[in-house]
Amino acid sequence: MVRRSARNAAKEPATTTTTTTTTDPHEEAIKTETNGAEADSEELKQRNKRKASASEPKPQSVDSPEADSPEEEESKPEPKKRKTTSSTKLSSQQEQTEMPLAPRTAVNTLRRAMYIGAHVSAAGGVHNSIPNAIHIGANAFALFLKSQRKWTSPPLADDAKNQFHALIKQHGYDATKHVVPHASYLINLAQADAAKAKQAYDCFLDDLKRCEALGIGLYNFHPGSAGPGGDMKAACGRIAAQLNKAIKATKSVVVLLENMCGSGNVVGGRFEELADIISQVEDKSRIGVCLDTCHAFTAGYDLRTPEAFAQTLAEFDRTIGLKYLKALHLNDSKAPYHSNRDLHANIGTGFLGLRAFHNIMNCPTLENLPMVLETPIEEKDAKGKTVENKQIWADEIKLLESLIGMDVESEEFNRLECELQKKGAAERRRIEEQVEKKATKEKKKLDGGKKERGAMDAFVVKKKGEGEA
Ligand SMILES: [Zn+2]
Ligand SMILES: [Zn+2]
């Protein structure tokens with residue numbers, strides 16, 4: 001894997017260093033109140049800590065709008081500033097597209113029709129997602145349609161919409177199939193509280209309408225959280241009811257439930273839960289699933305060996321139906337199998353390992369589906385500042401494409417597999433220790449509880465016996 005050359009690094013547009021966000025949606029979430037959507041506080045704290053350092057200095061200039069507010073720039077009324085912005089944007093776009101970190105592979109030259117990309121930034125307007133995708137050689141991509149941390153955003157600007165359509169056409173992306181926006185984390189369609197449920201619904205519907213205005217055919221979201229008490233069945237019912245309403249209010253976009261890692265009361269860790277929601281959706285042509293490999297693995301669906309992978313796909317087919325599988329998120333996992341933790345790792349460096357991705361890349365069932373990387377790309381630069389290195393995605397896309405048809409017994413595969421596992425070893429160990437510690441703590445708590453209960457039971461029995469005697 002070639003790292004970015006100094007020349008390319010220098011050529012990277014100035015805006016790149018300031019558009020620090022929208023890389024890994026799972027790392028994004030969260031600073032705001034989440035409408036009950038996400039859980040694991042320990043992980044959130046870690047991510048927020050990292051995010052805070054990652055997004056520190058943002059030069060205030062018209063050329064670098066707030067990364068998380070894709071539409072904000074367009075909504076500013078001052079025409080003069082806007083002109084400056086768009087001409088600068090254009091040259092930045094040109095650089096992105098003319099000097100990519102890696103060229104896009106023509107899918108028809110691959111032995112299997114695999115459309116691989118990443119969740120790219122849409123800072124400055126949704127249209128910017130396209131040069132950002134081209135920059136890393138992506139044949140499919142995800143983006144946020146608006147700020148994922150705010151409940152309301154300015155309407156989709158005509159200029160951004162028109163540029164999106166023009167660029168999609170110019171660069172030959174199929175927006176109906178290979179562009180999969182990710183919903184805001186604020187949205188929890190399982191919300192039981194009426195006012196909060198309406199807020200979530202409005203935000204969701206607004207996103208679906210944006211998809212349709214942009215000619216986008218798929219939209220991916222986290223099913224939601226069942227809330228205190230965790231009645232999954234009732235939560236699935238509420239999600240389906242919201243979906244039925246939103247589907248009726250729109251024309252064509254297919255909504256994709258993302259499988260989750262099965263922590264706490266989050267809906268979607270089990271395939272059965274997704275199937276339950278789908279069974280209650282009236283228009284089956286408008287519902288599907290986006291399979292996240294990291295979530296599946298830590299939820300207990302193995303993908304590592306060809307046999308385990310086939311078994312997981314068979315289980316998906318049996319419970320949900322493979323015809324509903326419309327997109328994939330390709331992430332390795334820093335956390336071990338069945339740990340219910342959501343920590344994305346770079347391809348091949350995690351507990352899934354390169355073999356799992358070899359299984360995926362050689363699976364005919366998955367051909368033509370959009371495959372989106374949500375792997376970490378933050379690195380420390382020479383001064384210790386956290387910066388994004390998009391070369392990582394460019395390299396991962398090429399790595400995944402190279403796995404198509406690769407012999408797993410070959411020296412090349414073995415070398416790659418070993419190199420990548422070695423690279424991720426320290427991080428795997430660190431997270432594994434965390435997981436083990438937590439498990440021991442919980443076991444102790446459970447055992448302690450049992451002992452106490454046991455002592456109490458014995459006491460009650462003894463008392464009872466005394467009384468009877
Ligand atoms: Zn997601
Ligand atoms: Zn995902």
Side-chain angles (χ1 to χ4, degrees), residues 1-32 42-70 72-73 85 88-89 91-93 95-96 99-102 118-124 128-129 131-133 135-136 138 143-144 147-149 185 331-332 334 343-347 349-350 373-397 420 423-428 430-431:
M1 293 206 289
V2 198
R3 296 234 82 74
R4 177 171 52 185
S5 71
R7 192 171 133 266
N8 271 349
K11 277 281 172 195
E12 220 178 334
T15 49
T16 316
T17 46
T18 63
T19 55
T20 51
T21 51
T22 51
T23 56
D24 170 7
H26 299 277
E27 301 283 330
E28 284 301 318
I30 335 187
K31 279 183 182 161
T32 344
E42 167 214 359
E43 282 177 40
L44 300 195
K45 263 185 251 157
Q46 278 183 3
R47 288 172 190 177
N48 282 341
K49 212 191 282 170
R50 225 181 63 184
K51 216 72 233 177
S53 68
S55 56
E56 214 110 45
K58 276 181 192 156
Q60 290 304 306
S61 95
V62 284
D63 304 333
S64 54
E66 275 291 311
D68 293 318
S69 315
E72 262 166 29
E73 191 63 13
T85 304
T88 316
K89 274 275 149 359
S91 70
S92 145
Q93 272 180 16
E95 282 191 35
Q96 299 271 68
M99 297 287 299
L101 299 170
H119 184 119
V120 297
S121 168
N128 287 331
S129 60
N132 287 337
H135 194 50
I136 54 166
L143 69 151
F144 289 121
S147 168
Q148 79 278 24
R149 293 190 193 138
Y185 294 95
N331 302 305
D332 208 325
K334 290 183 179 181
L343 288 169
H344 298 184
N346 288 105
I347 301 300
T349 66
L373 291 162
E374 300 173 322
T375 48
I377 57 166
E378 290 91 358
E379 283 183 345
K380 294 267 185 226
D381 69 4
K383 289 178 188 157
K385 197 181 127 197
T386 307
V387 290
E388 287 189 343
N389 180 2
K390 295 191 176 71
Q391 186 69 51
I392 295 173
W393 281 339
D395 289 345
E396 284 186 328
I397 291 167
L420 292 165
K423 217 169 145 189
E427 192 63 357
R428 286 199 311 278
R430 188 175 77 81
I431 302 296

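The residues of the chain are indexed from 1 along the displayed sequence. The shown structure was predicted, so the numbers you read here are calculated from the model rather than taken from an experiment.
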For this session: Using side chain to side chain contact (heavy atoms under 4.5 Å, CB included) as the criterion, list what pairs up with Ala345, not counting sequence neighbours.
Result: Asp332, Lys334, Thr349

Exercise. Roughly how far, to the nearest 0.5 Å, is NZ of Lys423 from CZ of Arg428?
Worked result: 12.5 Å

Exercise. Which of these, Val120, Asn132, Ile377, sits in a side chain to side chain contact (heavy atoms under 4.5 Å, CB included) with Lys390?
Worked result: Ile377

Exercise. If you round to the nearest 0.5 Å, how far is CD of Glu379 from CD of Gln391?
Worked result: 10.0 Å

Exercise. Hey, are the side chains of Val387 and Glu378 touching, using non-hydrogen atoms and a 4.5 Å cut-off?
Worked result: no

For this session: Would you sort out whether Ile347 and Leu420 count as a side-chain contact (heavy atoms from CB on, under 4.5 Å), showing the intermediate values?
Result: CA-CA 8 Å; Ile347 301 300; Leu420 292 165; 5.7 Å; no

For this session: Mind listing the closest non-hydrogen atom pair of Trp393 and His119 along with its distance?
Result: CH2-O, 3.1 Å

For this session: Please test Glu396 against Thr375 for side chain to side chain donor-acceptor pair (under 3.5 Å), starting from the C-alpha separation and ending with a verdict.
Result: CA-CA 9 Å; Glu396 284 186 328; Thr375 48; 2.6 Å; yes

Exercise. Counting only N and O atoms by type, is there a donor-acceptor contact under 3.5 Å from the side chain of His344 to the main-chain atoms of Glu374?
Worked result: yes

Exercise. Got a second to check how far Glu427's CD is from Asn346's CG, nearest 0.5 Å?
Worked result: 10.0 Å

Problem set entry | Shortest non-hydrogen contact from Ile392 toward Pro376 | CG2-O, 4.0 Å

Problem set entry | Inter-residue atom distance Ser121.OG - Phe144.CZ, 0.5 Å rounding | 10.0 Å

Exercise. Which pair of non-hydrogen atoms, one from Ile136 and one from Ile397, has the smallest distance, and what is that distance?
Worked result: O-CD1, 3.4 Å

Exercise. Closest approach of Leu143 and Ala122, non-hydrogen atoms and distance?
Worked result: CD1-CB, 4.0 Å

